[in-house]
Structure formats: structure tokens, C-alpha cells
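Heads up: the structure comes next, in C-alpha cells.
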Amino acid sequence: MERNRQIKQGHRKIRVLVAKPGLDGHDRGARIIARAYRDAGFEVVYSGLHQTPEEIVQAAIQEDVDMVGLSSLAGAHMYLFPKVVELLREKGAEDIVVCGGGIFPEEDIPKLKEAGIKEIFIPGTPLSEVVKWVEEHVEPRD
Amino acid sequence: MSEIVKKVASGDIRAVAKLIRDIDDKVPEVREVLKDLYPFTGKAYVVGITGAPGVGKSTLVDQMVTHLRGNGQTVGILAVDPTSPFSGGAILGDRVRMQRHSLDEGVFIRSMATRGYFGGLTQSTRSAIDVLDAMGKDYILVETVGVGQDEIDIVQSAHTTIIVLVPGMGDDIQALKAGILEVGDIFVVNKADREGADRTVNDLRLMIEMDEKRYKDGWKPPILTAQAVFDKGIQEILEEIENHKAFLASSVERQSALQHEKARHDLTEMIKDQIIQEVLADIVNSGEFEQALQSIAERKLDPYTACDTIVSKKIKSGTR
Ligand code: B12
Ligand SMILES: Nc1nc2c(ncn2[C@@H]2O[C@H](COP(=O)(O)OP(=O)(O)OP(=O)(O)O)[C@@H](O)[C@H]2O)c(=O)[nH]1
Ligand SMILES: [Mg+2]
């Protein structure tokens, strides 16, 4: 009954930014995730490839998203992911949730979480789970 | 004047971004903010860019932004993409082509989904234009996919409307005539690096020249070619925008007629939108809507009677 819900006054819709930081050119995963989010009823802004953390944060703010989903398969996540969190904080936008997905050495995952990445999704995670996590952890902001 | 109006009028990016979100989410309090913001609007020049999916609208917008910035102009961009009728979600992909302007403080880019199931698109987009106007942007570029009535409608908010086509749309131009051709102030045949651009230009020219009343009042829509990915033809587009701008400004009567027409259109749409919001939201929430749908589906009730009953009851009971 999504359609009916839409016309309620003040109905918030979840908005997310799916972004590809760094020089990593693997975008299949990011596109699949973007589609899964759309099919769950979210509005998904896609950043395209080769984004700097600064560009991602600026896009997140201009688009007023509730969450930024970072995708990385190229190994530069230990620098890029925490940098995004840090810049959001600097801009007073720490209320925007950050999660990530892609390929990571196992020992990096706790470090990323410590740096403020709320959750990390690795290959093989069912899409339904990826979507459910957002529904449970991301509130459209007021 | 509220804090938020002050912030928006002084160009505060977060305030602008959040206000557009509230507009989109139809937060009731937004109405008062928009009222207070209105005096700050009316300065920006609004350009609509529309055309079929994939013709290169976003790439063109991206290049136009570069040129406008080179001339020291500030730019706001609204990129509108359709909401999926199945999930209510949307993938907003226009930004991909414009991201290089992300860090430029003279540029504000916002993606919007149509959402308009009960007529929401045009109103939200119009209000968002007002917000970018109030924040002080010199130019506002609005990209819409030109396929439906909604998209043509959006064009009513633009001072200059650019219709983008690509070579080899021969038969499609015929089809376009019914809606989109009439609203174009400038035509751009993009992807002119491909074969058949001249042919498309000629076809277009023929159609426009046949339509004499279109340019009786003095503006004959120019037809340009461009290669957006190679940054070719962009300067010419901007020159024609300036020409059209000068044309609109050249006659006081024309200007006031246009203002009047825009006011008529905006107010009509706003009234429609509000009635839909208030009446429909009410009967949906009360279950009356679903009940009526069920009765009609079972052919126990005709839709005319159902409509009369709902509307007369709501109008009589007054707005809440
Ligand atoms: C296909 C592929 C390519 C394609 C990419 C096509 C494209 N446009 O995406 C091509 C051939 C271009 C390519 C090139 C390269 N590749 Co490659 N590639 C792969 C491969 C085989 C599959 C990746 C894939 O598409 N998987 C399918 C998608 C759906 O899965 P996914 O991206 O992992 O996404 C899932 C999750 O990770 C998660 N997820 C991902 N992102 C996000 C984001 C969010 C927000 C969330 C919630 C979840 C999420 O959810 C997704 C769905 O479950 C992997 C190996 C592998 N088995 O993963 C190597 C792999 C990623 N590639 C690798 C390498 C080294 C390269 C090259 C450098 C090779 C070279 N020397 O030329 C180049 C570099 C390209 C570049 N510029 O970055 C390495 C990376 C190693 C590393 N981490 O250091 C891998 C791991 C292969 C290996 N074992 O060595 N590659
Ligand atoms: N050959 C050629 N390709 C172009 C040109 N301009 C844009 N493109 C390509 O056309 C594709 C679509 O471009 P976009 O700018 O995304 O088109 P759009 O009209 O905004 O698309 P939607 O928003 O999805 O409707 C991209 O791959 C561009 O690189 C051009 O002048 N020549
Ligand atoms: Mg586009």
C-alpha cells in the first residue's frame, strides 16, 4: 500500500547515496545494491565512479540523504571509508549513517566499524538482508 | 522571519537541502516557510531541459554549468527522474554526469524523484525551484525526462525550454509534435557526431516552419546541433538562451502576459494539489477510498456517484 502511504502528509521516504570512492572501477555490486534499494522503495542517488571523499560528502549533503553506502573492491577502503565519516562529522552531518560493502580482508572489518562505518556487507550477503538492515538502522531524519 | 528562511536566503547549503527534502516529503510546516521565502524569489533565470531518455540531457547540463561558471554565474540544478510505480523507489542517476561540479560552491545539484502518484511532481519541483532561486542562484537548470504530461508541465516554470533530440528520430519527431514540440524555445540535436544529424535538423525545421502561429509573436525557435560529450555546441546554446532571455524582456506586454500565464498555471496547479492532498489523504486514511474502490470494482457503485458523494461531502465540510 505504498501508493496510499505516499499521500499522507509528512510521509518521509528514505533517501540514500550509493557511492564509489577512489580509483576502483568495479561498479556491478554498487549498481545491484542501488537497484535493491530502489525496489525496497528508497530513493537512491548514485554518484558514479571515481569519487573523492570530499565529493561524496558534498553530494550527501546537497541531496539530504539519510545514509551513504560506500562500495569498494580495490583495497583502499581503510583510507577512504573513515575519511568519509570524518568529513561528514566536520560538516556537522554526522547524523547521516555510513555503511559499506565490497571485498575486505577480514581483519579490516572491526577497524572500519570502529572508525564509524555502521555495517559492512561482503559478497554473498543476500540482498534482502542488505535492505532489511537499512530499514532497521536508518530513520528518515526530521 | 524564521531562522530557516534566513539561512536559505543567505545560501546555507544544509538548510536548502533540508527544505527541499521537507517539500518533497510534504511536511505541513513547510507551507509557512515557503510563504516567507517567496519575497526572495523571482530573480533566477530558469531553463528547462527535456527530451527522451538517454539523449544526453545530463551531459548537456554538465557542460552548460561549466560554461556558465566560466562567465561567473552561479547555478542550481534540479534533475528529475521517474519514481518506480512498483516500489515507490527511484534510482536518481543524473548526478553521475555532473559530479565534477560537486565541490564548486557556486553550484547546487539536487536529484528529485517524480513521486507524483496523485499529482505531486510539479508542485514539489516548482517549490524547489523557488528555494534555489531564493538561495541566490543566477541560473536554475531543470532536467526532466520528456515523456509524459507532467514533464511538459514542468516546462511551464521555465523561462526558456530546451528540447533535446538525437539523430535518427525522424518518425519520432512526428510523434513529438503533439506535445513537446510546441513548448520548445530552443531545439538541440545532440550526439551530432552520429550520422543523420542534418536530416533531423531539416525535419525539425520543416515542422517548426509549418507551425506559423508558433513564432508569430517574434520568436522562431532555433535548431542547434551539439556533441555534449565533446563539449561542442554548448556556447551556441548559451547564446540562444541569452537571445531568448532578451526577447522575453524586450516587450513589457509580453512580459506581463507571461507572468500572468505563469501565475494562472501555478495557482491552478496549487489548488488542485491541495484539494487532492486534503480530500484524498482524508478518505484514504479513513478507509472511505478503499471502500469506494471495492464497490466500484464489484460494480455495485458507479464511479460518478462515488466521486460526487466524496467531493460534495468534503467540500461542504470545509477544509480542515
Ligand atoms: C567482475 C570483476 C571485474 C570487472 C569489473 C566489471 C564492473 N564494471 O564491475 C573487470 C574485468 C573490469 C575487473 C577489473 C579489475 N579487477 Co576485478 N574483479 C571482478 C570479479 C571477478 C567480480 C566482481 C563482481 O562484479 N562481483 C559481483 C558483484 C555483484 O559483487 P560485489 O561487487 O562484491 O558486491 C556485493 C557485495 O560485495 C556487496 N556490496 C558491494 N558494494 C556494496 C555497497 C553497499 C552500500 C552495500 C550495502 C553492499 C555492497 O553487495 C554486493 C551484492 O552481494 C572480482 C572477484 C570476485 N569474485 O569478487 C574481481 C576483483 C574484485 N578484481 C580484482 C582486480 C585486482 C581487478 C583489476 C585491478 C585487475 C587488473 N589487474 O587489471 C582490474 C581493476 C579495475 C578497476 N579500474 O578498478 C581483485 C581485487 C583484489 C583486491 N581487493 O585488492 C578481485 C577481488 C579479483 C581477485 N581475487 O584478485 N574486475
Ligand atoms: N556519441 C555521443 N554520446 C553522447 C553525447 N552526449 C551524451 N552522450 C552519451 O549518451 C549517454 C546518455 O547521456 P546522459 O547525459 O546521461 O543522457 P540523459 O538524457 O540525461 O539520460 P536520462 O537522464 O537517463 O534520460 C551517455 O553515455 C553519454 O556519454 C554526444 O554528443 N555524442
Ligand atoms: Mg539525465
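Please read all numbers here as calculations on a predicted model, not as lab measurements. Residue numbers begin at 1 in each chain, while the letters A, B, ... track the order of the sequences.
Environment of CD in B/Glu298: crowded, with over 12 heavy atoms of neighbouring residues, nucleotides or ligands closer than 6.0 Å. At most 12 heavy atoms of other shown residues, nucleotides or ligands fall within 6.0 angstrom of atom CD1 in A/Ile122. Other residues, nucleotides and ligands place no more than 12 heavy atoms under 6.0 Å from the CD atom of A/Glu114. The number of heavy atoms from other shown groups lying within 6.0 Å of CD (A/Glu106) does not exceed 12. Within a 6.0 Å radius of NZ in A/Lys113, other residues, nucleotides and ligands contribute more than 12 heavy atoms.
Atom NZ of A/Lys13 and atom CG of B/Asp25 lie 9.0 Å apart (nearest 0.5 Å). Going from atom CG of B/Asp24 over to atom CG of A/Asp64 covers 10.0 Å, rounded to the nearest 0.5 Å. With values rounded to the nearest 0.5 angstrom, B/Ser84 atom OG is found 6.5 Å from A/Asp39 atom CG.
Nearest approach of A/Ala59 to B/Ser102, heavy atoms of both residues: N-OG, 3.8 Å. Shown here for A/Glu63 and B/Ile109, the closest heavy-atom pair between the two residues is OE2-O, 3.7 Å. Summarising the geometry of A/Ile61 relative to B/Ala17, their closest heavy-atom pair is O-CB, 3.0 Å, with the distance given to 0.1 Å.
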**OP:** Go through the steps to decide whether A/Asp66 and B/Arg21 satisfy the test salt bridge (charged side-chain N to carboxylate O under 4.0 Å, His left out), and finish with yes or no.
**Re:** CA-CA 11 Å; A/Asp66 305 304; B/Arg21 176 73 179 275; 2.9 Å; yes
**OP:** Verify side chain to side chain contact (heavy atoms under 4.5 Å, CB included) between B/Ile13 and A/Gln58, making sure each step is shown before the conclusion.
**Re:** CA-CA 10 Å; B/Ile13 289 173; A/Gln58 202 54 31; 3.8 Å; yes
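Between the side chain of B/Arg110 and the main chain of A/Gln62, a donor-acceptor pair closer than 3.5 Å is present.
Counting heavy atoms from C-beta on, the side chains of B/Arg115 and A/Glu43 come closer than 4.5 Å. By the 4.5 Å heavy-atom criterion applied to side chains, B/Asp22 and A/Arg12 are counted as neighbours.
Side chains of B/Gln99 and A/Ser47: a donor-acceptor N/O pair is absent below 3.5 angstrom, by distance only.
Among residue pairs with one or both ends in residues 54-65 of chain B, those qualifying as side chain to side chain donor-acceptor pair (under 3.5 Å) are B/Ser58-B/Asp94, B/Ser58-B/Glu143, B/Asp62-B/Arg100, B/Asp62-B/His101, B/Gln63-B/Arg100; sequence neighbours excluded.
Per-residue counts of heavy-atom pairs under 4.5 Å with chain B were compared for A/Gly92, A/Ala93, A/Ala40; the largest is that of A/Ala93.
Judged as a salt bridge (Lys or Arg N to Asp or Glu O under 4.0 Å), and not counting sequence neighbours, the contacts of A/Asp27 are A/Arg31.
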